[in-house]
Amino acid sequence: MDSHKLLGLRPAMGWNSWNTFTWDINEQLIRDVADRFVSEGYKDAGYEYIVIDDCWSLKERDSEGNLVHDPIKFPSGIRALADYIHEKGLKFGMYSCVGTHTCAGFPGSFEHEFQDAQLLAEWGVDYLKYDYCFKPRSMSGELLYKRMSLALKNCGRDILFSACNWGEDNVYQWIRESGAHMYRSTGDIQDNWDSIKSLTLSQLDKTCYTGSFCHNDMDMLVVGMYGGSNDGFIGSKIGGCSDNEYKTHFALWCMMGSPLMIGCDIRNANDVTKDILLNPELIKINQDVEGRGAYRIKPEPQWFHSDDVFMLVKVLTDGDLAIGFFNLSDTQREISLQFWDLGLPYASGFSLELYDCWEYKELGKFKERFAPTVPARDCLVVRAKLVK
Ligand code: GLA
């Protein structure tokens with residue numbers, strides 16, 4: 001099969017510099033992340049793209065209109081960095097913007113789309129995150145994403161196109177047709193529970209708009225940051241989550257089919273962070289090849305629960321179901337799943353054999369219903385198999 005047709009088949013997995021480092025990036029950092037991808041098991045777990053976000057270029061293009069990398073941050077040049085990453089069997093991503101400038105005020109690709117796509121291809125770039133700041137008001141965002149998509153698809157290199165318009169302008173209605181492989185559906189994540197919760201709730205009625213070749217990107221992961229960003233908005237020292245909150249965040253992104261772009265400093269990740277980010281069962285659910293969105297079930301009794309207690313069910317390629325029991329509220333809850341809500345009537349004679357994807361253990365065989373108690377801001381994720 002034609003391999004470049006498969007770009008974006010599954011949600012992208014990788015690391016992005018923005019959450020923790022914002023403007024403070026350099027080639028040594030990026031090389032270190034690539035080294036850690038290999039030595040700490042991220043690559044084996046499926047993480048692939050290493051992406052430099054905003055603030056990598058000079059403030060002006062050169063006399064031929066080309067973007068120029070910042071020679072202090074990247075003294076060996078971008079091509080050399082791409083080569084380093086490729087030699088490790090990984091892929092390399094960069095960042096630009098629909099508008100005249102990026103969000104941090106560096107040159108954007110407006111009216112330079114085809115030239116920039118060419119340059120990215122020459123540098124060996126495999127992924128472009130394309131932001132939405134400084135867009136001329138008279139221009140339609142839809143058209144500008146179509147432009148860059150066309151430029152990338154014809155630049156001579158397979159480049160995954162990651163649109164980032166924060167869910168504006170009814171992006172759901174046109175982004176798949178534009179050619180983008182993933183699209184940001186939300187404003188910027190912050191390293192705190194309220195942000196994780198509100199991004200999640202904003203996407204629960206949008207699960208039908210994700211899927212293979214155009215995934216709903218709920219923003220980078222904040223797992224493992226513990227308030228460690230150099231940017232006050234994303235986190236600074238007042239941010240940070242508990243380990244359970246990070247675990248729930250990761251489970252939500254996996255179940256909802258979001259790309260998994262790590263945002264913490266993986267050079268200093270603790271064991272809990274690694275256990276979360278490298279969980280093979282959750283990653284398998286996220287990467288399931290049919291790429292189906294999850295449907296939501298509201299638990300009974302409905303009067304007892306608010307919107308922040310729910311189940312998500314993802315139909316997997318092999319016939320299993322991934323089921324997440326999410327309690328985003330601040331008190332412990334019993335969350336009852338009646339199997340008829342999955343399409344499984346009692347009269348069928350089938351039971352569900354449940355496997356706990358966090359504890360890595362069988363929970364047993366259940367008929368008709370399963371009702372775990374889930375602590376506040378926590379979750380249980382099971383893989384369910386139909387058995388007689
Ligand atoms: C926007 C994006 C972020 C990040 C910054 C960079 O806010 O949504 O993910 O790329 O720009 O300036």
Side-chain angles (χ1 to χ4, degrees), residues 16-19 21-26 51-74 77-79 82 92-123 125-157 159-171 173-175 177-189 217 219-220 231-234 261:
N16 176 300
S17 59
W18 184 254
N19 282 3
F21 298 97
T22 61
W23 50 270
D24 190 15
I25 48 176
N26 61 67
V51 180
I52 303 177
D53 207 281
D54 207 346
C55 308
W56 60 267
S57 76
L58 290 181
K59 290 264 167 151
E60 302 294 337
R61 290 173 178 267
D62 70 12
S63 55
E64 274 144 34
N66 283 316
L67 291 166
V68 186
H69 70 272
D70 181 328
I72 297 181
K73 293 174 177 170
F74 301 98
I78 302 296
R79 178 79 232 189
F92 175 50
M94 291 191 78
Y95 164 99
S96 187
C97 188
V98 151
T100 56
H101 293 81
T102 71
C103 298
F106 293 86
S109 291
F110 181 63
E111 301 290 34
H112 290 272
E113 292 85 357
F114 288 80
Q115 179 177 13
D116 289 354
Q118 207 58 53
L119 185 65
L120 296 174
E122 282 161 25
W123 279 344
V125 171
D126 308 295
Y127 174 120
L128 177 67
K129 173 173 170 181
Y130 206 47
D131 218 334
Y132 211 50
C133 284
F134 297 103
K135 177 179 77 65
R137 291 216 175 91
S138 57
M139 297 294 299
S140 111
E142 177 179 350
L143 205 52
L144 293 177
Y145 279 103
K146 284 180 180 158
R147 257 199 212 183
M148 189 45 112
S149 169
L150 196 61
L152 290 175
K153 282 190 187 296
N154 293 283
C155 71
R157 189 175 172 86
I159 299 184
L160 187 115
F161 188 26
S162 162
C164 178
N165 93 327
W166 322 308
E168 306 268 320
D169 301 331
N170 293 320
V171 67
Q173 290 172 8
W174 48 264
I175 195 67
E177 293 89 307
S178 78
H181 299 102
M182 56 194 266
Y183 65 98
R184 271 277 297 282
S185 54
T186 63
D188 289 11
I189 196 166
D217 174 8
D219 205 357
M220 278 90 74
D231 179 274
F233 178 72
I234 299 168
M261 300 300 290

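Side-chain atoms are counted along with the backbone in the values below, which use heavy atoms only and exclude waters and symmetry mates.
- Of the inter-residue distances, the one linking Arg184 atom CZ with Asp131 atom CG reads 7.0 Å to the nearest 0.5 angstrom.
- Within the 4.5 Å cutoff, the side chain of Glu168 has no heavy atoms near those of the Lys135 side chain.
- Between Cys97 and Tyr132, the shortest heavy-atom contact is SG-N, 3.7 Å.
- Lys73 meets the salt bridge (charged side-chain N to carboxylate O under 4.0 Å, His left out) test with no other residue; sequence neighbours excluded.
- Between Lys146 and Glu113 no salt bridge is recorded (no basic side-chain N to carboxylate O distance below 4.0 Å).
- In plain terms, the two heavy atoms of Leu144 and Val98 that are nearest each other are CD1-CG1, 3.3 Å.
- Counting only heavy atoms from C-beta outward, the side chains of Arg147 and Glu111 approach each other to under 4.5 Å.
- Trp56 places a side-chain N or O within donor-acceptor distance of the main-chain N or O of Tyr95, the cut-off being under 3.5 Å.
- In this structure, Ile78 CD1 and His69 NE2 are separated by 6.0 Å, a value rounded to the nearest 0.5 Å.
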Any chance you could lay out the side chain to side chain contact (heavy atoms under 4.5 Å, CB included) test for Phe92 and Ile52, step after step, and finish with the verdict? CA-CA 8 Å; Phe92 175 50; Ile52 303 177; 3.7 Å; yes

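- One distance of note links CG of Asn154 with CD1 of Ile159; it measures 11.0 Å at 0.5 Å rounding.
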For side chain to side chain contact (heavy atoms under 4.5 Å, CB included), just list the numbers for Asp188 and Trp166, CA-CA rounded to whole Å, side-chain angles, deciding distance to a tenth of an Å, and then say yes or no. CA-CA 7 Å; Asp188 289 11; Trp166 322 308; 4.1 Å; yes

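- Taking both residues in full, the closest heavy atoms of Leu120 and Leu128 are given as CD1-CD1, 3.8 Å, listed atom of the first, atom of the second, then distance.
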Going through the checks in order, is the side chain to side chain contact (heavy atoms under 4.5 Å, CB included) test met by Tyr127 and Met94? CA-CA 6 Å; Tyr127 174 120; Met94 291 191 78; over 6 Å; no

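- The two residues Asp53 and Ser17 come nearest to each other via the heavy atoms N-OG, 2.9 Å.
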Assess whether side chain to side chain contact (heavy atoms under 4.5 Å, CB included) is satisfied between Asn66 and Arg61, documenting all intermediate values. CA-CA 5 Å; Asn66 283 316; Arg61 290 173 178 267; 5.8 Å; no

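- Of the possible polar contacts, none joining the Glu142 side chain to the Asp169 backbone as a donor-acceptor pair under 3.5 Å is found.
- Of the possible donor and acceptor atoms, one in the side chain of Asp217 sits under 3.5 Å from a partner among the backbone N and O of Asp219.
- Atoms OH and SG, on Tyr145 and Cys164 in that order, are 6.0 Å from each other to the nearest 0.5 Å.
- Counting only heavy atoms from C-beta outward, the side chains of Phe106 and Leu67 never approach each other to under 4.5 Å.
- Around CH2 of Trp174, the count of heavy atoms belonging to other residues, nucleotides or ligands within 6.0 Å exceeds 12.
- For the residue pair Pro107 and Ser57, the shortest heavy atom distance occurs at CD-OG, 3.6 Å.
- Residues Asp54 and Trp18 come closest through the heavy atom pair CB-CZ3, 3.7 Å.
- With Cys103, the cysteine Cys133 has an SG gap short of 2.5 Å.
- Ring geometry for Tyr130 against Phe161 counts as tilted: the plane angle lies between 30° and 60°, on a 0 to 90° scale.
- The structure places OG of Ser178 at 12.5 Å from CE of Met148, a figure rounded to the nearest 0.5 Å.
- Under the 3.5 Å distance criterion, the side-chain polar atoms of Arg157 are left unmatched by any main-chain donor or acceptor of Glu122.
- Of the inter-residue distances, the one linking Met261 atom CE with Ser162 atom OG reads 7.0 Å to the nearest 0.5 angstrom.
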